Amino acid sequence: MTHTDGTISITVNGEHRRVAAGLTLAALASELGLAPEKVAVERNLVVVPRSTLAEVRIEDGDELEIVHFVGGGDHDDTWTVAGRTFRSRLIVGTGKYKDFAQNAAALEASGAEIVTVAVRRVNVSDPNAPMLTDFIDPKKITYLPNTAGCFTAEEAIRTLRLAREAGGWDLVKLEVLGEARTLYPDMVETLRATEVLAREGFLPMVYCVDDPIAAKRLEDAGAVAIMPLGAPIGSGLGIQNEVTIRLIVEGAGVPVLVDAGVGQASDAARAMELGCDGVLMNTAIAEAKDPLVMAAAMKAAVEAGRLSYRAGRMGKRRYADPSSPLAGLI
């Protein structure tokens, strides 16, 4: 029956609705925000061929089931940086691998959607030498140019200006090192570079010391993500100061990712349990005895740590607390 307002009554996935008379199944899918070519429709217990969705018109009293395929797990748990959304919370580097092929295979095993890339001079003596872009497609994977090896704000700014000219990148990773032995960040130079880059329209994700005050100043200067070190770059020592990492997370209004120091899967899981939005690593995977297996381990660790954080751990107690009641024992 068509109502006086020109609508009919139907049921969609158990929910009663009124829709315009004469509406096709494809048009209904579009009204619901669904792509007709990506759904399957059952009408009154009969599956409607997808090729006919644009032809079949809905009738009053129809009962419809509309389904689509989703991957396993919770894919709503995404994270966003500078307006760009990602599913994987693992970022991996592109250095120290034996070749680009191994790098690409490890990236695939890790499930990462972002890779950091160093900006280096073109090999003019052999312009036909293999390039990273031949193995990792920048159209499919987000390249994050970084300023590895820069020791002054000027060097870092110059490097990223060239990177933007070369690839159009504005989302970048900034690191300004203090000296070569520890590779600790020089926070005075880092803050200065952050201010300049932000004014020029860059979106800097910034490597920094594990200091909540410094982290807040970087955020105020225009950093779109804070990336405190867990331990010195390439050390594999794991997170050395969980207290300050947690304080940075609690005080930040932008994503926080542990950057540097991860050595094994448990380090990555711990970073996520502290509430970090993600983890960045390179050496832990590239220098593992089996980089592909380690990449898969890191993927699982980041996912497990995130689930653990979201679940909310039990409270710590000084004494035992039995899982089974003691009353009624024989």
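No experiment lies behind these values; they were computed from the predicted model shown.
- Distance check, rounded to the nearest 0.5 Å: CD1 of Ile91 to CG of Leu107 gives 12.0 Å.
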Steps toward side chain to side chain contact (heavy atoms under 4.5 Å, CB included) verdict (Arg50, Val39):
CA-CA 8 Å; Arg50 186 179 296 165; Val39 299; 5.9 Å; no

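- Taking 4.5 Å as the limit, some side-chain heavy atom of Leu64 sits within range of a side-chain heavy atom of Leu28.
- Minimum interatomic distance between Gly149 and Glu175 (heavy atoms only, all atoms of both residues): N-OE2, 4.4 Å.
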I would like to know whether Lys216 and Glu219 meet salt bridge (charged side-chain N to carboxylate O under 4.0 Å, His left out); could you show each step before the answer?
CA-CA 5 Å; Lys216 200 61 184 174; Glu219 184 179 339; 3.4 Å; yes

Leu307/Asp77 under side chain to side chain contact (heavy atoms under 4.5 Å, CB included): CA gap, chis, key distance, verdict
CA-CA 10 Å; Leu307 284 174; Asp77 184 33; over 6 Å; no

Salt bridge (charged side-chain N to carboxylate O under 4.0 Å, His left out) between Arg17 and Glu15, worked out
CA-CA 6 Å; Arg17 286 176 171 266; Glu15 178 183 325; 3.6 Å; yes

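- Residue Leu218 comes nearest to Thr190 through the heavy atom pair CD2-CG2, 4.0 Å, listed as atom of the first residue, atom of the second, then distance.
- Taking 4.5 Å as the limit, some side-chain heavy atom of Asp277 sits within range of a side-chain heavy atom of Arg89.
- Heavy atoms of other residues, nucleotides or ligands lying less than 6.0 angstrom from CD of Glu37 number more than 12.
- Side-chain contact between Val41 and Val47 is absent, with no heavy-atom pair separated by less than 4.5 Å.
- In the hydrophobic cluster analysis, where Ile, Leu, Val, Met, Phe, Trp and Tyr join through side-chain heavy atoms closer than 4.5 angstrom, Val117 is grouped apart from Leu171.
- Among all heavy-atom pairs drawn from Gly61 and Asn44, the shortest one is O-OD1, 4.3 Å.
- Scanning all heavy atoms of the two residues, the minimum distance from Asn103 to Gly93 falls at ND2-O, 3.8 Å.
- Two different hydrophobic clusters hold Met205 and Phe202 under the rule that ILVMFWY side chains link at heavy-atom gaps under 4.5 Å.
- Leu280 and Val262 fall into different hydrophobic clusters, where Ile, Leu, Val, Met, Phe, Trp and Tyr side chains are chained together by heavy-atom contacts under 4.5 Å.
- With values rounded to the nearest 0.5 angstrom, Leu257 atom CG is found 11.0 Å from Met281 atom CE.
- Residues Leu197 and Val81 fall into different hydrophobic clusters, defined by Ile, Leu, Val, Met, Phe, Trp and Tyr side chains chained together at heavy-atom separations under 4.5 Å.
- With 3.5 Å as the limit, one finds a donor-acceptor pair spanning the side chains of Thr80 and Thr85.
- There is no path of hydrophobic side-chain contacts, each under 4.5 Å, that joins Tyr309 to Leu90.
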Run the side chain to side chain donor-acceptor pair (under 3.5 Å) check on Glu63 and Thr11 step by step: do they pass?
CA-CA 5 Å; Glu63 294 188 6; Thr11 303; 5.0 Å; no

Evaluate salt bridge (charged side-chain N to carboxylate O under 4.0 Å, His left out) for Asp170 paired with Arg164, printing each intermediate quantity in order.
CA-CA 6 Å; Asp170 54 6; Arg164 181 160 64 180; over 6 Å; no

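- From Asp267, atom CG reaches atom CZ of Arg270 across 11.0 Å, with rounding to the nearest 0.5 Å.
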How far apart are the C-alpha atoms of Ile233 and Tyr207, what are their side-chain angles, what is the distance that settles it, and do they pass the side chain to side chain contact (heavy atoms under 4.5 Å, CB included) test?
CA-CA 11 Å; Ile233 292 173; Tyr207 168 66; 3.5 Å; yes

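- Residues Val56 and Thr24 are not in side-chain contact: their nearest non-hydrogen atoms beyond the backbone lie 4.5 Å or more apart.
- Using modelled atom types and a 3.5 Å distance limit, the side chains of Lys96 and Thr283 yield a donor-acceptor pair.
- Proximity of Ile58 to Leu25: side-chain heavy atoms (C-beta onward) are separated by under 4.5 Å at one or more points.
- Defined by atom type and a distance below 3.5 Å, a donor-acceptor pair is missing between the side-chain atoms of Thr152 and Glu189.
- Interatomic distance, Arg43 CZ to Ile10 CD1, rounded to the nearest 0.5 Å: 10.0 Å.
- Using the six-membered ring where Trp is involved, Phe86 and Trp79 have ring planes that are tilted, between 30° and 60° apart.
- Using a 4.5 Å heavy-atom cutoff, the side chains of Val92 and Ser110 are in contact.
- Remark: side-chain polar atoms of Gln240 are paired, donor with acceptor, to backbone N or O of Leu237 under 3.5 angstrom.
- Of all heavy-atom pairs spanning Pro291 and Ala106, the tightest one is O-CB, 4.4 Å.
- For Arg313, the CZ atom sits in a packed shell: over 12 heavy atoms of surrounding residues, nucleotides or ligands are nearer than 6.0 Å.
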Verdict with supporting geometry, Cys276 and Val249, side chain to side chain contact (heavy atoms under 4.5 Å, CB included)
CA-CA 6 Å; Cys276 292; Val249 170; 4.0 Å; yes

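- Residue Glu154 places its CD atom among more than 12 non-hydrogen atoms of other residues, nucleotides or ligands, all under 6.0 Å distant.
- In this structure, the side chains of Thr142 and Glu113 stay at 4.5 Å or more apart for every pair of heavy atoms.
- Contact detail for Met294 and Ala284: the closest heavy-atom pair is CG-O, 3.4 Å.
- With hydrogens and angles ignored, the 3.5 Å screen pairs no side-chain donor or acceptor of Arg57 with any backbone N or O of Leu23.
- Side chains of Ile245 and Pro228 form a contact here, defined as non-hydrogen atoms less than 4.5 Å apart.
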